[in-house]
Protein chains: 2
Amino acid sequence: MKSGIDQVTLEHRSTCPIARSLDLMGDKWTLLIMRDALFLKGRTFADFASGRERIPTNLLSGRLRKLVGMGLLEKVPYQQRPLRYEYRPTDLGKALKPVLRAMKSYGEQHLGGHTKY
Amino acid sequence: MKSGIDQVTLEHRSTCPIARSLDLMGDKWTLLIMRDALFLKGRTFADFASGRERIPTNLLSGRLRKLVGMGLLEKVPYQQRPLRYEYRPTDLGKALKPVLRAMKSYGEQHLGGHTKY
DNA sequence: CTGGATCCTGATGGATACTG
DNA sequence: CAGTATCCATCAGGATCCAG
């Protein structure tokens, strides 16, 4: 299909800023994609798909669509012939860094995760 | 049923501390419960259930079981006759505050959420 | 070959009713 | 009050298929 309507409408359960944030990124993949986009720089679909956690391609394409629709990533062509795109974090996306840093810190200190993003 | 096995086993997709954190709290309700536990003090089941986002009771009981099992909350009796319990954040649970603060800040600055937890 | 879309199936979510 | 049980809807995951 060409692609459905790209209205990325987020439910919002309450006016609480934490709840709003969770409505946007409260799942197991969204922040992992942003981690790669923010710390591993401009990434292509294949790059995201081959990350260590192996996100299924159908979930990846859906999440990317949502993130672009919400303005956290932008899809920009980086070469012609063949045309290729990469997903780059916008300023709105970069604003997520403190959240990711807090989670990284929590994981390192309390969950036994090694460093390296 | 009496209650299934209470083994709270977390999958872990990789050694990345962010991925580990997300394995633990990457869903729409876990951090909301911790928000209430941390900022609204010792809470009972009914208190959590009647929060503004109205978490269904079956999900609530499952999440509380998980959080107690992972050691972020502890279930302590606070009165006898009739016996009543409340869920109190442990030190491990309190360590989540920076994550919640980062999300609160993101929500306020970029998602139009009002303050008040 | 890359970047997805589709399909199928099992797991999870969510609303609400019900019980000790 | 503190959960369970139930029932349906939606999502996750994996495999595969298709277009440029």
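Chain identifiers are assigned alphabetically (A, B, ...) following the order of the sequence lines, protein sequences preceding nucleic acid strands; residue numbering begins at 1 within each chain.
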Engineer: Do any side-chain nitrogens or oxygens of A/Trp29 fall under 4.0 Å of OP1 or OP2 in D/dC11?
Structural biologist: no
Engineer: Kindly indicate whether the side chain of A/Thr57 and the base of C/dA5 share any N or O donor-acceptor pair separated by less than 3.5 Å?
Structural biologist: yes
Engineer: Taking A/Leu92 as the starting point, is it possible to reach A/Phe39 by hopping between hydrophobic residues whose side chains are less than 4.5 Å apart?
Structural biologist: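 They do share one cluster, since a chain of ILVMFWY contacts under 4.5 Å joins A/Phe39 to A/Leu92.
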Engineer: Less than 4.0 angstrom between a side-chain N/O of B/Arg43 and OP1 or OP2 of D/dC1, yes or no?
Structural biologist: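 For B/Arg43, the contact criterion (side-chain N or O under 4.0 Å from OP1 or OP2 of D/dC1) is not met.
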Engineer: Please tell me if B/Tyr87 has a side-chain N or O lying less than 4.0 Å from either OP1 or OP2 of D/dG3.
Structural biologist: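 Yes.
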Engineer: Look at the side-chain N and O atoms of B/Arg54 and state whether any lies under 4.0 Å from the OP1 or OP2 oxygen of C/dG14.
Structural biologist: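 Checking B/Arg54 against C/dG14: no side-chain N or O falls below 4.0 Å of OP1 or OP2.
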Engineer: Look at the side-chain N and O atoms of A/Arg84 and state whether any lies under 4.0 Å from the OP1 or OP2 oxygen of C/dG4.
Structural biologist: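 The answer is no; no side-chain N or O of A/Arg84 sits under 4.0 Å from OP1 or OP2.
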Engineer: Using atom CG of B/Leu64 as one end and atom P of D/dG3 as the other, report the distance to the nearest whole Å.
Structural biologist: 7 Å
Engineer: Please state how far atom CZ in B/Arg65 lies from atom C1' in D/dA2, giving the value in whole angstrom units.
Structural biologist: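 Value for this atom pair: 12 Å.
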Engineer: By nearest heavy atom, map A/Tyr78 and A/Glu11 onto DNA chain C; which one lands nearer the 5' end?
Structural biologist: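 So the residue in question is A/Tyr78.
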Engineer: Could you state the atom-to-atom distance from CG of B/Leu59 to C1' of C/dT12 in whole Å?
Structural biologist: 9 Å
Engineer: Given the structure, check if the side chain of B/Asn58 and the base of D/dG3 hold any donor-acceptor pair shorter than 3.5 Å.
Structural biologist: no
Engineer: For residues A/Met103 and B/Met103, determine if any side-chain heavy atom of one lies less than 4.5 Å from a side-chain heavy atom of the other.
Structural biologist: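 A/Met103 vs B/Met103: side chains touch.
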Engineer: Please determine if a side-chain N or O atom of A/Lys28 lies less than 4.0 Å away from the OP1 or OP2 oxygen of C/dA11.
Structural biologist: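 For C/dA11, neither OP1 nor OP2 has a side-chain N or O of A/Lys28 closer than 4.0 Å.
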Engineer: Classify the nucleic acid contact of A/Arg13 as base, sugar-phosphate or nothing, counting any heavy atom under 4.0 Å across all strands shown.
Structural biologist: nothing
Engineer: Would you kindly give the NZ-to-C1' distance between A/Lys66 and D/dA12, to the nearest whole Å?
Structural biologist: 14 Å
Engineer: What is the distance from CG of B/Asp47 to P of D/dC1, rounded to the nearest Å?
Structural biologist: 9 Å
Engineer: Please confirm whether the shortest side-chain N or O distance from B/Arg63 to OP1 or OP2 of C/dG13 is below 4.0 Å.
Structural biologist: yes
Engineer: Once you round it to whole Å, what is the distance between P of C/dG14 and CG of A/Asp27?
Structural biologist: 12 Å
Engineer: Honestly curious: do B/Leu73 and B/Leu59 fall in one hydrophobic cluster under the side-chain, below-4.5 Å linking rule?
Structural biologist: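 Result: yes, single cluster for both.
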Engineer: Once hydrogens and angles are ignored, does a donor-acceptor distance under 3.5 Å link the base of C/dT2 to the side chain of A/Thr44?
Structural biologist: no
Engineer: Set out, in order, the CA-CA distance, both residues' side-chain angles and the distance that settles side chain to side chain contact (heavy atoms under 4.5 Å, CB included) for A/Thr44 and A/Arg84, then state yes or no.
Structural biologist: CA-CA 8 Å; A/Thr44 65; A/Arg84 293 269 184 271; over 6 Å; no
Engineer: In whole angstrom, give the distance that lies between atom NZ of A/Lys75 and atom P of C/dG3.
Structural biologist: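 Going from A/Lys75 (NZ) to C/dG3 (P), I get 9 Å.
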Engineer: Using atom CG of A/Leu60 as one end and atom P of D/dC11 as the other, report the distance to the nearest whole Å.
Structural biologist: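 Value for this atom pair: 17 Å.
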Engineer: Report yes or no: do A/Ser14 and B/Glu53 form a side-chain donor-acceptor pair below 3.5 Å?
Structural biologist: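 Side-chain D/A pair, A/Ser14 to B/Glu53: present.
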Engineer: Could you work out which one of D/dA2, D/dG14, C/dA5 sits closest to the side chain of A/Pro56?
Structural biologist: D/dG14
Engineer: Check whether any side-chain heavy atom of A/Leu40 lies under 4.5 Å from a side-chain heavy atom of A/Asp47, and answer yes or no.
Structural biologist: no
